Structure formats: C-alpha cells, structure tokens
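One structure is given below, encoded as structure tokens.
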Amino acid sequence: MPTFFIFTLSGILGFVIFYFLSHPNSRINKRLPEVKVKSMQFVPCIKVRVRGKIIHVHHWLFLSILFVVSITFGVGILDTIFSKGFLLGGIVQGLRFPDWKKIYD
C-alpha cells in the first residue's frame, strides 16, 4: 500500500509541476528564459530546426522515453517508484494539450 501511495502522490506532483512549467498561460512558463544553441532550443521547450522545418520534442515524448528506460533497465534514480510516478504524471499532463500529436511545424 505505501508504494501505491508514493506512486500516486508523485504522479500528481509530476502533473502539477509540468502543468506550471509547460502551460502557455502560466506565469512560470512566461518567466523561463529561452536557451538556444544554433538551431536547437532547449528551454522552455525542445525544438530543433532542420531545413526550414521545426521539430518539436514535446515533454510527454521525452518523458515517455525516460519512462520506458526506467521500466526496462531500472537504472539509478529512474528505478524508484517516485520517479516512475513523476514521469507518468508529466506524460499524462502533456497528452492533455490539443497539439500533443503535432511534431512538425
């Protein structure tokens, strides 16, 4: 029972944190600086420019990759119940956006 409780609380925490970090109308998101290196943007979102096209790596996609790695290999901090719940909360939050499947601009 304690593991389910930890998993649920960390999922809620992940959802809330990614909501405030990624929602366009969030005050926190608006205050994040843009970090760019050549044709890549890392903050507040990950975007890569390739031949005039923009590839947007959504946080749910990146977190999904980390979640699969945590389940498959179980290495380091990704092996904890807390991190798996946190990742899953961020994935669920990201899939709630209407443009969740739009990768190319």
Side-chain angles (χ1 to χ4, degrees):
M1 187 67 161
T3 55
F4 178 73
F5 184 69
I6 292 170
F7 184 78
T8 304
L9 282 181
S10 63
I12 292 169
L13 181 67
F15 185 92
V16 169
I17 286 175
F18 279 102
Y19 178 81
F20 286 114
L21 287 177
S22 64
H23 198 276
N25 296 330
S26 167
R27 285 186 274 169
I28 296 172
N29 185 359
K30 289 179 181 179
R31 290 183 179 180
L32 290 174
E34 284 190 7
V35 177
K36 294 182 180 180
V37 176
K38 294 188 179 183
S39 63
M40 291 187 73
Q41 178 180 341
F42 296 102
V43 176
C45 57
I46 302 172
K47 292 183 181 180
V48 181
R49 292 185 186 275
V50 179
R51 297 182 187 173
K53 296 280 187 180
I54 298 173
I55 301 171
H56 185 182
V57 181
H58 295 274
H59 68 275
W60 67 262
L61 181 61
F62 181 75
L63 294 175
S64 297
I65 294 168
L66 286 177
F67 187 70
V68 169
V69 167
S70 75
I71 290 174
T72 307
F73 301 110
V75 291
I77 195 168
L78 293 177
D79 194 27
T80 65
I81 295 293
F82 181 84
S83 65
K84 290 176 183 173
F86 187 83
L87 292 172
L88 196 59
I91 293 167
V92 169
Q93 189 279 329
L95 291 175
R96 291 186 62 239
F97 280 106
D99 68 340
W100 68 269
K101 57 188 168 209
K102 187 177 179 183
I103 306 274
Y104 298 108
D105 283 338

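Everything numeric in this text was worked out from a predicted model, so none of it was measured. Note that these values count all heavy atoms, side chains included, but never hydrogens, waters or copies made by symmetry.
Looking at Ile17 and Phe86, their side chains come closer than 4.5 Å, going by heavy atoms from C-beta outward. Using a 4.5 Å heavy-atom threshold, the side chains of Ile55 and Ile103 count as touching. Arg96 is listed as a side-chain neighbour of Phe15, based on a closest heavy-atom distance under 4.5 Å. No side-chain heavy atom of Lys36 sits under 4.5 Å from any side-chain heavy atom of Phe42. At a threshold of 4.5 Å between non-hydrogen side-chain atoms, the residues His58 and Leu95 do not count as touching. You'll find the side chain of His59 reaches within 4.5 Å of the side chain of Phe97, heavy atoms only. The shortest side-chain heavy-atom distance between Val92 and Trp60 does not fall under the 4.5 Å cut-off.
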Please report the C-alpha distance between His56 and Leu61 in whole Å, then the side-chain angles of each, then the deciding distance to 0.1 Å, and finally whether the side chain to side chain contact (heavy atoms under 4.5 Å, CB included) criterion is met. CA-CA 10 Å; His56 185 182; Leu61 181 61; over 6 Å; no
Would you sort out whether Phe82 and Leu13 count as a side chain to side chain contact (heavy atoms under 4.5 Å, CB included), showing the intermediate values? CA-CA 10 Å; Phe82 181 84; Leu13 181 67; 3.7 Å; yes
Yes or no on side chain to side chain contact (heavy atoms under 4.5 Å, CB included) for Leu88 and Phe67, after CA distance, side-chain angles and deciding distance? CA-CA 7 Å; Leu88 196 59; Phe67 187 70; 4.2 Å; yes
Side chain to side chain contact (heavy atoms under 4.5 Å, CB included) assessment of Ile28 paired with His23: CA-CA 9 Å; Ile28 296 172; His23 198 276; over 6 Å; no
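Taking CG from Asp99 and NZ from Lys101, the interatomic distance works out to 10.0 Å, rounded to the nearest 0.5 Å. Atom CD of Glu34 and atom CG of Leu32 lie 10.0 Å apart (nearest 0.5 Å). In this structure, CG in Leu21 is found 9.0 Å from CD in Gln93, a value given to the nearest 0.5 Å.
The two residues Tyr19 and Ser26 come nearest to each other via the heavy atoms O-CB, 4.5 Å. Contact detail for Leu78 and Ser70: the closest heavy-atom pair is O-CB, 3.1 Å. Nearest heavy atoms, Ser10 versus Gly85: OG-CA, 3.3 Å. Contact record, Ile81 with Ile6: CG2-CG2, 4.2 Å, taken as the closest heavy-atom pair. Across Met40 and Val48, no two heavy atoms sit closer than the pair CE-CG2, 3.8 Å.
Linking ILVMFWY side-chain heavy atoms closer than 4.5 Å, directly or via other members, places Phe20 and Phe18 in a single hydrophobic cluster. Note on Ile65 and Trp100: separate hydrophobic clusters, where clusters join Ile, Leu, Val, Met, Phe, Trp and Tyr whose side-chain heavy atoms are under 4.5 Å apart, directly or indirectly. If you chain together hydrophobic residues whose side chains sit under 4.5 Å apart, Val35 and Phe62 fall into the same group. Val69 and Ile71 end up in the same hydrophobic cluster when Ile, Leu, Val, Met, Phe, Trp and Tyr side chains are linked at under 4.5 Å.
Put simply, the side chain of Ser83 gets close to the backbone of Ile77: a donor and an acceptor are under 3.5 Å apart.
In the displayed structure, Phe7 atom CZ is contacted under 6.0 Å by more than 12 heavy atoms of other residues, nucleotides or ligands.
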